[in-house]
Amino acid sequence: MRRKRLLLVLPPVFVVLVIGAVVGGRHLWATSHYRAAVDAEKRHDFDAALSHLDRCLQIRPNDAANHLAAARVARRAGNFVRAEQSLAEYERRAGHTPDLTRERAALQVQRGEGEPSQENYLWAQIEAGDTDSVPLLEALAQACLQSYRLAGAMTCLEKLLALDPDNDAALVWRASVWEGVLKFPNALVDYRRAVELRPGNDAVRCRLADLLLFLSKTEEAAVEYDRVREHRPDDPAALLGLAHANRRQNNIDAARRHLDALLTVRPDDPAGLRERGLLAMDAGAYADAEASLRKAERADPFDQEICYNLGQCLEKLDRPAEAKPFFERAEALDRDSQELRALAVQIGKKPDDAGLRYQAGAICLRNGQKGEALRWWGGALQIDPLHRETHAALAAYYARHGQQKLAEEHGRFVRANPSAP
């Protein structure tokens, strides 16, 4: 009888032990994923970090710290929708904390929607030795790049790379700043290092190859484009780059093969059509060249080189009257390009001059670069929220594009401030 009672008692004890082992195992599983997320974030592999955090949250859905980490990682990856969702989940569990204030400010700043006061707040956090200084500097650098504050971007990036020298994204951003101020050798160094750190980043490898091609390092550029095609045979940027490089090297058949592949994927690609037109011109097939160049011009009427090449082609066909307007448009586009470069130099010297940014935006809009115009004007209003000319330009722009609410918002400021600069 005693033996039977022991048997009756043992199963519940055994069940408790099993449950404890399962719970403990799940806890260890979640912890291992959290550590893996931390390691992945340090390597700047944000997709992997977010995947590990999601697995962690399956076990610990109410862990506020995990939601905050997911928000930060998603923001660094540029996944702003997920960052907002994770911040909302964090706030539900932790309330309004200093961490929430900081991360929400970083998100708004990185999206280009931050106020100067928020940027100042983030700088204060960094100067106070915030443990998240690198992610905060990334947000500030991107905000500066979006609004063409190149000096401010460089300040952020120099500090960021001093703290995290293997940050490949920061190296790419700094390379773009070097290109913006025409310091191409410096940009080349940063692109090379970024590719070395992340060899599988084909987009950055193409940017390196484009710069090599621009600097007439044609053979090196072709090698980099070929490496991209090992992973992505139909990559449009690599196909275009190889076509251009092969034409320069007089490898006409290879250039034509790459162009055919590109235009199969993107039949209306203006750069590809221009390249095909140039190949035809080199062969003396001017009628074929005209067909390709006219199609390229229809696809991008604001490309200076396309306009000039089309004018050249029409001259070769002994149609100077038709060529003249294309030469004139090419000259006007070139003047605007030179003026924009000169403005960029002036802005580098006077980063707080909103008027210069307004002028740059006007040039961009005149040349069909609507997104660039809005970025310049957004930067102007960040520097001087009362800049009347910029508000007037934005009111006109939004009215033309049917965004009446925004048009009225900027128009109301113009009417209320008739004497503002």
Quick one: does D63's side chain get under 4.5 Å of Y34's, heavy atoms only? no

Partner set under salt bridge (charged side-chain N to carboxylate O under 4.0 Å, His left out) for E179, not counting sequence neighbours: none

Assess whether side chain to side chain contact (heavy atoms under 4.5 Å, CB included) is satisfied between L317 and C313, documenting all intermediate values. CA-CA 6 Å; L317 289 165; C313 182; 4.2 Å; yes

Indicate the atoms forming the closest heavy-atom contact of Y121 with P98, along with that distance. OH-O, 3.8 Å

Of all the heavy-atom pairs spanning N309 and L293, show the shortest one and how long it is. O-CD1, 3.7 Å

Those residues that, when tested against D166, pass salt bridge (charged side-chain N to carboxylate O under 4.0 Å, His left out) (two or more places apart): R193

Quick one, D336 with E339, criterion side chain to side chain contact (heavy atoms under 4.5 Å, CB included). Give me CA distance, side-chain angles, the key distance, then yes/no. CA-CA 5 Å; D336 277 347; E339 187 178 348; 4.1 Å; yes

Would you call K295 and R276 a side-chain contact if the rule is heavy atoms closer than 4.5 Å? no

Any heavy-atom pair between the side chains of R248 and L213 that's under 4.5 Å? yes

Any side-chain donor near an acceptor of the partner, S337 and R341, under 3.5 Å: yes

Using salt bridge (charged side-chain N to carboxylate O under 4.0 Å, His left out) as the criterion, list what pairs up with R412, not counting sequence neighbours. E408

Output side-chain donor-acceptor pairs under 3.5 Å for residues 298-305, partner residues at least two apart or in another chain, one line each.
from : atom 1 : to   : atom 2 : distance (Å)
D300 : OD1    : F302 : N      : 3.2
D303 : OD1    : E305 : N      : 3.0
D303 : OD1    : I306 : N      : 2.9

Hey, does the side chain of R93 reach the backbone of P61 with a donor-acceptor pair shorter than 3.5 angstrom? yes

Run the ring pair (Phe, Tyr, Trp, His ring centres under 6.0 Å) test against Y398 and tell me which residues pass, sequence neighbours left out. H410

Would you give the length of the straight line joining atom CG of D269 to atom OG1 of T264, rounded to the nearest 0.5 angstrom? 12.0 Å

Output yes when D235 and R229 qualify as a salt bridge under the 4.0 Å nitrogen-oxygen rule, no when they do not. no

Does L137 form a side chain to side chain contact (heavy atoms under 4.5 Å, CB included) with I126? I'd like the steps, not just the answer. CA-CA 8 Å; L137 284 163; I126 292 163; 3.7 Å; yes

My understanding is that only residues two or more places apart in sequence, or in another chain, count here; which of them pass ring pair (Phe, Tyr, Trp, His ring centres under 6.0 Å) with F214? F184

From Y90 OH over to T97 OG1, what is the distance, rounded to the nearest 0.5 angstrom? 3.0 Å

Check for a donor-acceptor pair, side chain of S86 on one end and backbone N or O of A83 on the other, with a separation under 3.5 Å. no

Does D234 have any salt bridge (charged side-chain N to carboxylate O under 4.0 Å, His left out) partners at least two apart in sequence or in another chain, and if so, which? none

Taking A254's backbone N and O only, do any of them form a donor-acceptor pair with N251's side chain (distance below 3.5 Å, no angle check)? no

Would you check if there is a donor-acceptor pair between the side chains of D334 and Q338 at a distance under 3.5 Å? yes

Min side-chain heavy-atom separation Q249-E219 under 4.5 Å: yes

Counting N and O atoms only, with roles assigned by atom type, does the side chain of H391 sit under 3.5 Å from a partner on the main chain of P385, one being a donor and the other an acceptor? yes

Spacing of CH2 belonging to W376 relative to CG belonging to L381, to within rounding of 0.5 Å: 14.0 Å

Please confirm whether the backbone N or O of L145 pairs with a side-chain atom of R375, one donor and one acceptor, at under 3.5 Å? yes

Salt-bridge present (E297, R294; N to O < 4.0 Å): no

All heavy atoms of A354 vs all of D384, minimum pair found to be CB-CB, 3.7 Å

Is a donor on one side and an acceptor on the other found under 3.5 Å between the side chain of Q118 and the backbone of E115? yes

Quick check: do R357 and D353 have side-chain heavy atoms less than 4.5 Å from each other? no

Taking all non-hydrogen atoms of both residues, which atom of L122 and which atom of A106 are closest, and how far apart? CD1-CA, 3.8 Å

Determine the minimum heavy-atom distance between A187 and L211, stating which atoms define it. CB-CD2, 3.8 Å

Side chains of L171 and L157: closer than 4.5 Å at any heavy-atom pair? no

What's the spacing between R72 CZ and L107 CG if we round to 0.5 Å? 13.5 Å

Do any N or O atoms from the side chain of Q125 and from the backbone of R102 form a donor-acceptor pair under 3.5 angstrom? no

Sequence-distant partners of R149, side chain to side chain donor-acceptor pair (under 3.5 Å), two or more places apart: E119, S147, Q382

Is there side-chain contact between V73 and H52, with heavy atoms separated by less than 4.5 Å? no

Does Q146 have any side chain to side chain donor-acceptor pair (under 3.5 Å) partners at least two apart in sequence or in another chain, and if so, which? none

Among side-chain atoms of T218 and R247, is any donor-acceptor pair under 3.5 angstrom? no

Any sub-3.5 Å donor-acceptor pair from Q142's side-chain atoms to E138's backbone N or O? yes

Partner set under side chain to side chain donor-acceptor pair (under 3.5 Å) for E230, not counting sequence neighbours: none

Could you tell me the separation between the CD atom of Q403 and the CD atom of E409, rounded to the nearest 0.5 Å? 11.0 Å

Check: Y308 ring centre within less than 6.0 Å of F327 ring centre: yes

Evaluate the side-chain proximity of R60 to T31: yes if any heavy-atom separation is below 4.5 Å, no if none is. yes

Could you give the side-chain donor-acceptor pairs of residues 201-210 under 3.5 Å, partners two or more places apart or in another chain?
from : atom 1 : to   : atom 2 : distance (Å)
N201 : OD1    : A203 : N      : 3.4
N201 : OD1    : V204 : N      : 3.2
D202 : OD1    : H231 : ND1    : 3.4
R205 : NH1    : E224 : OE1    : 2.6
R205 : NH2    : P199 : O      : 3.1
R207 : NE     : Y191 : OH     : 3.2
R207 : NH2    : Y191 : OH     : 3.1
D210 : OD1    : Y225 : OH     : 2.4

Can you name the closest pair of heavy atoms from L239 and P233 and give their distance? CD2-O, 3.9 Å

Acceptor/donor pairs from residues 42-50 side chains to any protein atom, 3.5 angstrom cut, sequence neighbours excluded:
from : atom 1 : to   : atom 2 : distance (Å)
H44  : NE2    : D164 : OD2    : 2.8
D45  : OD1    : A48  : N      : 3.4

The test is side chain to side chain contact (heavy atoms under 4.5 Å, CB included); show your working for N186 and L188 and say whether it passes. CA-CA 5 Å; N186 296 33; L188 198 56; over 6 Å; no

One should read off an interatomic distance between L262 CG and D260 CG, to the nearest 0.5 angstrom, of 9.5 Å

Okay, side chain of S133, backbone of G129: is any donor-acceptor separation there less than 3.5 Å? no

